[in-house]
Amino acid sequence: MESVRLLYVSKIARVDSGLKQNLINILDEAIDFNYRNGVTGVLYYGHGYFVQCLEGNKNIIDDLFYNRIVKDERHINCEILYYAENQTCLFSQWTMKFSPINKKISEFFMQYHLEAFNPYLLTDETTEKFISILACEPEYHVNEFVA
Ligand code: FAD
């Protein structure tokens with residue numbers, strides 16, 4: 001069955017002291033469901049924005065995105081920036097890798113979009129470049145992340 005890659009951006013609904021625990025909960029839910037359903041990917045967080053790349057069976061990814069993730073009140077303004085049939089899995093080792101904002105990503109945004117990190121600015125051209133960077137990012141544990 002057809003495999004797809006989807007990348008969307010969203011904004012966190014509330015930035016408060018519960019951010020780290022929220023991220024832990026989201027990742028726990030993601031890893032559990034994704035592992036059981038052959039979904040892989042990365043969840044990137046920085047400056048109040050989420051960027052998530054999901055790879056897997058088309059029906060499962062569509063159902064996960066439209067029936068669970070979009071309806072989740074922990075974030076708002078989900079916008080798909082990339083959706084395509086997928087031949088090569090970039091995130092096959094990760095049921096959901098977590099990556100926080102870092103210098104490399106900030107430099108990428110400054111170079112192409114003249115702003116430190118605003119994923120809504122990604123274009124058709126820069127989205128694919130950004131996905132390649134995400135694939136090379138090391139994995140972090142949320143506990144290493146300081147908001
Ligand atoms: P239930 O747990 O039955 O909840 C019902 C509804 O409430 C759902 O719409 C759910 O989205 C929402 N919800 C659940 N918990 C909360 C909460 N604490 N606060 C507000 N609303 C809540 N899930 C995955 O399986 N894989 C992923 O890769 C994945 N990535 C995510 C990325 C982001 C940025 C976010 C915010 C969530 C992500 N989730 C992911 C979680 C997903 O949105 C669902 O919460 C989860 O799959 C449970 O879905 P459910 O239908 O069983 O919801």
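All ligand and atom numbering here is 1-based and tracks the order in the structure. Just so we're clear, the structure is a prediction, and the values are computed from it rather than from any experiment.
When each atom of ligand 1 is checked for a heavy atom of Lys71 under 4.0 Å away, the hits are 9 (O). Taking every heavy atom of Phe33 and a limit of under 4.0 angstrom, the matching atoms of ligand 1 come to 25 (O). Listed by number with element, the atoms of ligand 1 under 4.0 Å from a non-hydrogen atom of Glu29 are 25 (O), 41 (C), 44 (C), 45 (O), 46 (C). Each of the following atoms of ligand 1 lies closer than 4.0 Å to a heavy atom of Met96: 28 (O). The distance from ligand 1 to the heavy atoms of Leu54 drops below 4.0 Å at these ligand atoms: 28 (O). Under a 4.0 Å criterion applied to the non-hydrogen atoms of His75, ligand 1 contributes the atoms 34 (C), 36 (C). The atoms of ligand 1 that sit less than 4.0 Å from any heavy atom of Tyr8 are 32 (C), 33 (C), 34 (C).
At distances below 3.5 Å, at least one donor-acceptor pair connects side-chain atoms of Asn37 with backbone N or O atoms of Phe33. No side-chain donor-acceptor contact under 3.5 Å links Glu115 to the backbone of Phe109. In this structure, the side chain of Arg14 does not engage the main chain of His75 through any donor-acceptor pair within 3.5 Å.
Inside a 4.0 Å radius of atom 25 (O) of ligand 1 there is at least one protein heavy atom. Using a 4.0 Å threshold on non-hydrogen atoms, atom 53 (O) of ligand 1 does not count as touching the protein. Atom 1 (P) of ligand 1 is never approached by the protein to below 4.0 angstrom, counting heavy atoms only. Less than 4.0 angstrom separates atom 5 (C) of ligand 1 from none of the non-hydrogen atoms of the protein.
Contacts between Ile69 and ligand 1 below 4.0 angstrom, taking non-hydrogen atoms only, involve backbone and side chain alike. Within the 4.0 Å heavy-atom criterion, neither part of Phe65 lies near ligand 1. With a heavy-atom cut-off of 4.0 Å, Leu64 touches ligand 1 through its side chain alone. Contacts between Asn34 and ligand 1 below 4.0 angstrom, taking non-hydrogen atoms only, involve the side chain exclusively.
The side chain to side chain contact (heavy atoms under 4.5 Å, CB included) test with Tyr8 is passed by exactly one of Val51, Ile69, Leu81: Ile69.
A donor and an acceptor atom, one from each side chain of Asn25 and Glu29, are nowhere located under 3.5 Å apart. Inspection of the Glu2 and Asn86 side chains reveals no N or O donor paired with an N or O acceptor under 3.5 Å. A donor-acceptor pair shorter than 3.5 Å can be found between the side chains of Asp62 and Tyr83.
Taking the charged nitrogens against the carboxylate oxygens, Arg5 and Glu55 do have a contact shorter than 4.0 Å, which makes a salt bridge. Comment: Arg68 does not engage Asp72 in a salt bridge, judged by the lack of any side-chain N to carboxylate O separation of less than 4.0 angstrom. Between Glu79 and Lys11 there is no salt bridge, since no side-chain N of the basic residue sits under 4.0 Å from a carboxylate O of the acidic one.
In terms of protein heavy-atom proximity, atom 48 (C) of ligand 1 is closest to Arg68 NH1, 3.5 Å. Considering only non-hydrogen protein atoms, atom 38 (C) of ligand 1 sits nearest to Ile26 CG2, 3.7 Å. The protein atom (non-hydrogen) at minimum distance from atom 10 (C) of ligand 1 is Asp72 OD2, 4.0 Å. Nearest protein neighbour of atom 27 (C) of ligand 1, counting heavy atoms only, is Ala30 CB, 3.3 Å. Residue, atom and distance of the protein heavy atom nearest to atom 20 (C) of ligand 1 are Arg74 CG, 3.7 Å. Annotation: atom 30 (N) of ligand 1 to nearest protein heavy atom, Gln52 NE2, 3.0 Å.
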Practice task
For Tyr45 and Phe117, run ring pair (Phe, Tyr, Trp, His ring centres under 6.0 Å): C-alpha distance rounded to whole Å, both residues' side-chain angles, the deciding distance at 0.1 Å, then the answer.
Solution key: CA-CA 10 Å; Tyr45 177 81; Phe117 181 64; 8.7 Å; no
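Side chains of Ile12 and Phe50 form a contact here, defined as non-hydrogen atoms less than 4.5 Å apart.
From Leu134, atom CG reaches atom NZ of Lys97 across 7.0 Å, with rounding to the nearest 0.5 Å.
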